[in-house]
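Structure, as structure tokens:
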Amino acid sequence: MKIRHLHSWNISYHEAIEIQKALYPKLVFSNLSRSIRHIAGADVSCSKKSNNVWAGIVVLSYPSLKKVEEKWVKGITNFPYIPGLLSFREIPIILEAVKKLESNPDLLLCDGQGIAHPRVLGLASHIGLLIEKPTIGCAKKRLVGDFSEVGQYRGDCSPLFYKSREIGAVVRTKTNVKPLFVSPGYAITIKDAVKMVLNCGGRYRIPEPIRQAHLLVNKLRKRDASHEN
DNA sequence: GCGACAG
DNA sequence: ATCTTGTCGC
């Protein structure tokens with residue numbers, strides 16, 4: 001997969017914010033163009049006692065959700081976790097895993113926000129700009145935005161607003177389980193983002209592509225941890 | 001100054 | 001996110 005180089009990753013916190021402001025005008029939210037046949041999910045696992053990180057990408061067929069490929073990479077990160085700047089901690093290692101892909105997914109689901117971000121540039125939006133493919137932000141918690149309580153049943157959702165703009169939706173992906181914060185990353189609408197997330201699971205809270213990536217990177221981290229004994 | 005705050 | 005055991009509920 002081709003990856004655009006839009007800026008350096010060796011930057012200060014202030015520069016990171018300036019990069020987000022500069023990238024914001026490049027975002028687009030078109031309807032999905034080509035049909036979706038393969039969906040990728042990405043996730044990162046971090047070590048507590050070192051700056052080691054593992055990134056995993058799992059590609060599933062759609063709508064059958066069968067695994068067609070998985071790639072991973074181990075690396076390090078020096079950028080700390082700062083709410084609003086997650087991209088600069090996780091995207092570099094995610095891109096290393098993306099580079100290993102042999103298949104060409106039509107859509108990428110990310111663990112984190114899309115445009116539901118103070119500068120409209122959450123991790124999913126940022127990575128979408130870099131790979132020039134549709135992306136969706138699937139966060140387990142709110143970063144910004146206001147919303148009304150969402151119904152208890154799978155499929156129920158409530159719009160998420162920030163500064164008078166609709167930026168995503170709070171989506172019940174499983175009945176009686178905490179909802180997910182879904183927002184477009186890049187090249188997709190809110191409506192399609194919600195639809196695709198709901199079509200990517202049902203049995204679990206987390207959409208299957210991300211859940212599979214999560215299981216993969218956690219397995220890798222724990223395998224390394226036991227190796228040290 | 002205070003509270004909020006993706007992973 | 002990670003660390004960490006049992007426990008409550010569908």
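Here is the naming used below: chain letters follow the sequence lines, and residue numbers restart at 1 for every chain. The figures here come from the full heavy-atom set of this structure, side chains too, leaving out hydrogens, waters and symmetry mates.
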* Indicate the atoms forming the closest heavy-atom contact of A:Leu23 with A:Leu6, along with that distance. => CD2-CD1, 3.9 Å
* **Sugar-phosphate, base or nothing in reach of A:Gly137, heavy atoms under 4.0 Å** => nothing
* Pick the nucleotide of DNA chain C nearest each of A:Ser45 and A:Asn176; which residue has the one closer to the 5' end? -> A:Ser45
* Asked: In whole angstroms, how far is the P atom of C:dC3 from the NZ atom of A:Lys222?
  -> 7 Å
* Checking all strands, does A:Leu85 fall into the base, sugar-phosphate, or nothing category for heavy-atom contacts under 4.0 angstrom? -> base
* Is any side-chain nitrogen or oxygen of A:Lys49 closer than 4.0 Å to OP1 or OP2 of C:dT2? -> no
* Starting from C1' on B:dA6, measure out to CD on A:Gln113 and report it in whole angstrom. => 5 Å
* **Exam field: side chain A:Glu15 to backbone A:Ser12, donor-acceptor pair closer than 3.5 Å** => yes
* Can you tell which of C:dC3, B:dA6, C:dA1 lies closest to the side chain of A:Lys140? -> C:dA1
* Structure fact -> Output row for DNA chain B, stems defined as at least 3 consecutive Watson-Crick or G-U pairs under 3.5 Å, is none
* Under the side-chain contact (heavy atoms from CB on, under 4.5 Å) rule, what do A:Val68 and A:Ser61 come out as? Steps first, then yes or no, please. => CA-CA 6 Å; A:Val68 302; A:Ser61 58; 4.1 Å; yes
* Asked: Between A:His126 (NE2) and B:dA6 (P), how many Å, whole number?
  -> 19 Å
* Does A:Arg142 place a side-chain N or O at less than 4.0 Å from the phosphate oxygens OP1/OP2 of B:dC5? -> yes
* Between B:dA6, C:dT2, B:dG7, spot the one nearest the side chain of A:Leu123, thanks. => B:dA6
* Structure fact -> Expected list for residues 3-14 of chain A near DNA chain B, using heavy atoms below 4.0 Å, is none
* **Polar contact flag, side-chain donor to acceptor under 3.5 angstrom, A:His7-A:His126** => yes
* Please report, rounded to the nearest Å, how far the C1' atom of B:dG7 is from the CD1 atom of A:Ile93. => 15 Å
* State whether A:Phe79 and A:Arg89 meet the cation-pi test: NZ (Lys) or CZ (Arg) under 6.0 Å from the six-membered ring centroid, and within 45° of the perpendicular axis. => no
* **Pairs involving residues 106-135 of chain A, ordered by first then second residue, that meet salt bridge (charged side-chain N to carboxylate O under 4.0 Å, His left out) (sequence neighbours left out)** => A:Arg4-A:Glu132, A:Arg34-A:Asp106, A:Asp111-A:Lys140
* Asked: Counting only heavy atoms not in A:Phe29, do more than 12 fall under 6.0 Å of its CZ?
  -> yes
* Ignoring backbone atoms, test whether A:Arg119 places a side-chain nitrogen or oxygen under 4.0 Å from the OP1 or OP2 oxygen of B:dA6. => no
* **Electrostatic pair A:Glu69-A:Lys71, nearest N-O below 4.0 angstrom** => yes
* Nearest-Å distance, CG (A:Leu86) to P (C:dA1)? -> 11 Å
* **Any donor-acceptor N/O pair, A:Ser8 side chain to A:Asn10 backbone, under 3.5 Å** => yes
* **C:dA1 phosphate, OP1 or OP2, under 4.0 Å from A:Asn218 side-chain N/O** => no
* What nucleotide, of B:dG7, B:dA6, C:dC3, holds the atom closest to the side chain of A:Leu143? -> B:dA6
* To do: Can you tell me the distance, in whole Å, between the NZ atom of A:Lys141 and the P atom of C:dA1?
  => 7 Å
* Asked: Is the closest side-chain donor-acceptor distance between A:Ser45 and A:Arg221 under 3.5 Å?
  -> yes
* Asked: Which nucleotide sits closest to the side chain of A:Ala139: C:dC3, C:dA1, B:dG7?
  -> B:dG7
* Asked: Looking only at heavy atoms, which two atoms of A:Ile36 and A:Met196 are closest? And how far apart?
  -> CG2-CE, 4.0 Å
* Asked: Reckon A:Thr175 touches a base, only the sugar-phosphate, or nothing at all at heavy-atom distances under 4.0 Å?
  -> nothing
* Grab the NZ-C1' distance between A:Lys219 and C:dA1 for me, whole Å please. => 20 Å
* **Interatomic distance, A:Ile206 CD1 vs B:dA6 P [rounded to whole Å]** => 15 Å
* **A:Lys174 side chain near C:dC10 phosphate (N/O to OP1/OP2, under 4.0 Å)** => no
